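Data first, discussion second: the structure below is written as structure tokens.
A quick note: this is a predicted structure, and the numbers were derived from the prediction, not measured. All values below were derived from every heavy atom in this structure, side-chain atoms included, with hydrogens, water molecules and symmetry-related copies excluded. Letters go in sequence order (proteins before strands), and every chain restarts at 1.
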Number of protein chains: 2
Amino acid sequence: MFYAGGMNNDVHAIVDEQLRRARQRYTGGRRQLVQLLIDAGRPVTIPELQEIGARQSQSSLYRNLATLEQCGAVRRLASTDDVARYELTEELSEHHHHLLCSSCGRLEDVVLPPRIERALAEAAEEARRQTDFDVDSHRFELVGTCATCN
Amino acid sequence: MFYAGGMNNDVHAIVDEQLRRARQRYTGGRRQLVQLLIDAGRPVTIPELQEIGARQSQSSLYRNLATLEQCGAVRRLASTDDVARYELTEELSEHHHHLLCSSCGRLEDVVLPPRIERALAEAAEEARRQTDFDVDSHRFELVGTCATCN
DNA sequence: CTCCGTGCAAACTTTTTGCAACGGG
DNA sequence: CCCGTTGCAAAAAGTTTGCACGGAG
């Protein structure tokens, strides 16, 4: 099965290219970070990255994630707890939205059927007309309680 | 024109009742805070509250906002910068969504027409079926660039 | 040889907390 | 009086930065 940018084998090649464009290197640490983000399948925190085996100092984690964010490979998210979470950009993953646990701040990915995505896009278009913001994307979040906090 | 809970005159009375239920007092500082949130008309940060005339110490701002959050009068939001923003809950304001400036983290309120709200509710219902999260609400955010950052 | 990337420790920002004083009911 | 509330200062939590070393090109 194919979907744009979703095949793990390709992800590293794309990130390599993205970094190259920004005149930066795809080091071992950065590669491992990208692999951990692929494996996680949801936005993860710095402590979580350390738990699942990131073998680099905390400052390198911050710096590498910032670098990957600047080159367009990673997106940084703020949740309800004040711990940043990181995920691959949609260029490297599948278009998705998030479930947010209002108790612990955990985020999970959710993929919606095309019919719903069309409705959301339509809603965004309507909303854009009502504002002087220069709107370029939208986010849809489901807020609730995760399995752990339940 | 009437809409549930939206009349400023009533807001203070409702907050008073909410605090009373939580066995806490509606002090002058808290009342001023609620009035500032009404006037702001969008989620504001602690520094912004100080700029617009909140006359209490920073620690009291944090504590009073936490108290108001616990009793259901205020909602705390995380944005892209790592500064918390506060707004009145929808019980005290109008149902709305947010515009998010990806450059500075500023949030603005936006009210969508009922037709769009129905589509969003439908999308949320569909999404809820796809997860083990106990979903109880949804958020729709328009991401873009605000007038100042433009 | 030259930089970029790294680890460590210190600095910085935002938020929380301890403590003593204040004040309304 | 009693106990919730406040201000101040210190502490805590998360993130960023300075610096010196090491390794890749």
Side-chain angles (χ1 to χ4, degrees), chain A residues 12 15-36 43-51 53-71 73-87 104-107, chain B residues 12 15-36 43-51 53-71 73-87 104-107:
Chain A
H12 293 295
V15 175
D16 188 39
E17 175 57 27
Q18 289 174 317
L19 282 167
R20 211 177 293 276
R21 269 199 298 264
R23 289 185 213 296
Q24 307 237 284
R25 301 174 191 156
Y26 201 16
T27 61
R30 291 173 185 172
R31 178 176 292 268
Q32 191 208 20
L33 223 32
V34 168
Q35 188 60 50
L36 289 173
V44 289
T45 64
I46 297 273
E48 282 171 346
L49 284 168
Q50 291 171 321
E51 282 168 24
R55 52 171 193 288
Q56 51 192 298
S57 70
Q58 199 187 42
S59 60
S60 287
L61 287 175
Y62 280 109
R63 276 192 278 228
N64 282 328
L65 287 165
T67 299
L68 289 167
E69 187 183 20
Q70 280 163 23
C71 81
V74 160
R75 184 157 72 131
R76 183 194 144 122
L77 302 166
S79 183
T80 50
D81 56 359
D82 297 293
V83 189
R85 283 170 169 77
Y86 301 86
E87 68 176 359
C104 70
R106 178 184 174 100
L107 293 173
Chain B
H12 293 295
V15 174
D16 188 39
E17 175 57 28
Q18 289 174 319
L19 281 167
R20 210 178 293 276
R21 269 199 299 263
R23 288 182 216 296
Q24 307 233 283
R25 300 176 192 158
Y26 200 17
T27 61
R30 290 173 186 172
R31 178 176 292 267
Q32 191 208 20
L33 223 32
V34 168
Q35 189 60 50
L36 289 173
V44 289
T45 65
I46 298 274
E48 282 170 346
L49 284 169
Q50 292 173 320
E51 282 167 23
R55 52 170 194 287
Q56 51 191 298
S57 70
Q58 199 187 42
S59 60
S60 286
L61 286 174
Y62 278 110
R63 276 193 278 228
N64 282 329
L65 287 165
T67 299
L68 289 167
E69 186 182 20
Q70 282 164 20
C71 80
V74 160
R75 186 157 71 131
R76 184 194 143 124
L77 302 166
S79 183
T80 51
D81 54 358
D82 297 292
V83 188
R85 284 170 169 76
Y86 300 86
E87 67 176 1
C104 70
R106 178 186 174 98
L107 293 174

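In this structure, B/Glu69 atom CD and C/dT15 atom C1' are separated by 13 Å, rounded to whole Å. Protein atom CG of A/Asp81 is 14 Å distant from nucleotide atom C1' of D/dT15, rounded to whole Å. At whole-Å resolution of the value, CD in A/Gln50 and P in D/dT15 are 11 Å apart. For the pair B/Asp82 CG and D/dA12 C1', the computed distance is 16 Å after rounding to whole Å. Rounded to an integer number of Å, the gap from CZ of B/Arg30 to C1' of C/dG23 is 14 Å. As rounded to whole Å, 15 Å separates atom P of C/dT15 from atom CD of B/Gln56. Between A/Tyr26 atom OH and D/dG25 atom P the separation is 15 Å, expressed in whole Å. Going from atom CZ of B/Arg20 over to atom P of D/dG4 covers 15 Å, rounded to whole Å.
With D/dT15, D/dT5, D/dC8 as the candidates, the nucleotide lying closest to the side chain of B/Thr27 is D/dT5. Side-chain atoms of B/Ser59 lie closest to D/dG7 of the nucleotides D/dT15, D/dG7, C/dT6. Ranking C/dG5, D/dT15, D/dG7 by closeness to the A/Gln24 side chain, first place goes to C/dG5. Checked against D/dG14, C/dT15, C/dG18, the side chain of B/Arg63 finds its nearest nucleotide in C/dG18. Nearest to the side chain of B/Arg25, among C/dG7, C/dT17, C/dG24, sits C/dG24.
For A/Tyr62, a side-chain nitrogen or oxygen approaches OP1 or OP2 of D/dT15 to under 4.0 Å. Taking only side-chain nitrogens and oxygens, B/Asn64 never comes nearer than 4.0 Å to OP1 or OP2 of D/dT5. Here B/Ser60 reaches the OP1 or OP2 of D/dG7: one of its side-chain N or O atoms lies under 4.0 Å away.
Pairing each heavy atom of B/Glu48 with each of B/Pro43, the nearest pair is OE1-O, 4.2 Å. For the pair B/Gln24 and B/Thr67, the tightest heavy-atom approach, listed with the atom from each and the gap, is OE1-CG2, 2.6 Å.
Looking only at side-chain heavy atoms (C-beta outward), B/Asp81 and B/Thr45 stay at 4.5 Å or farther from each other.
Residue B/Leu61 is the one, among A/Ala84 and B/Leu61, whose nearest nucleotide of DNA chain D lies closer to the 5' end (criterion: closest heavy atom).
The residue from B/Glu17, B/Arg30, B/Gln35 that alone fulfils the side-chain hydrogen bond (donor to acceptor under 3.5 Å, both in side chains) condition with B/His12 is B/Gln35.
If you take CG on A/Leu33 and CG on A/Asn64, they are separated by 6.0 Å, rounding to the nearest 0.5 Å.
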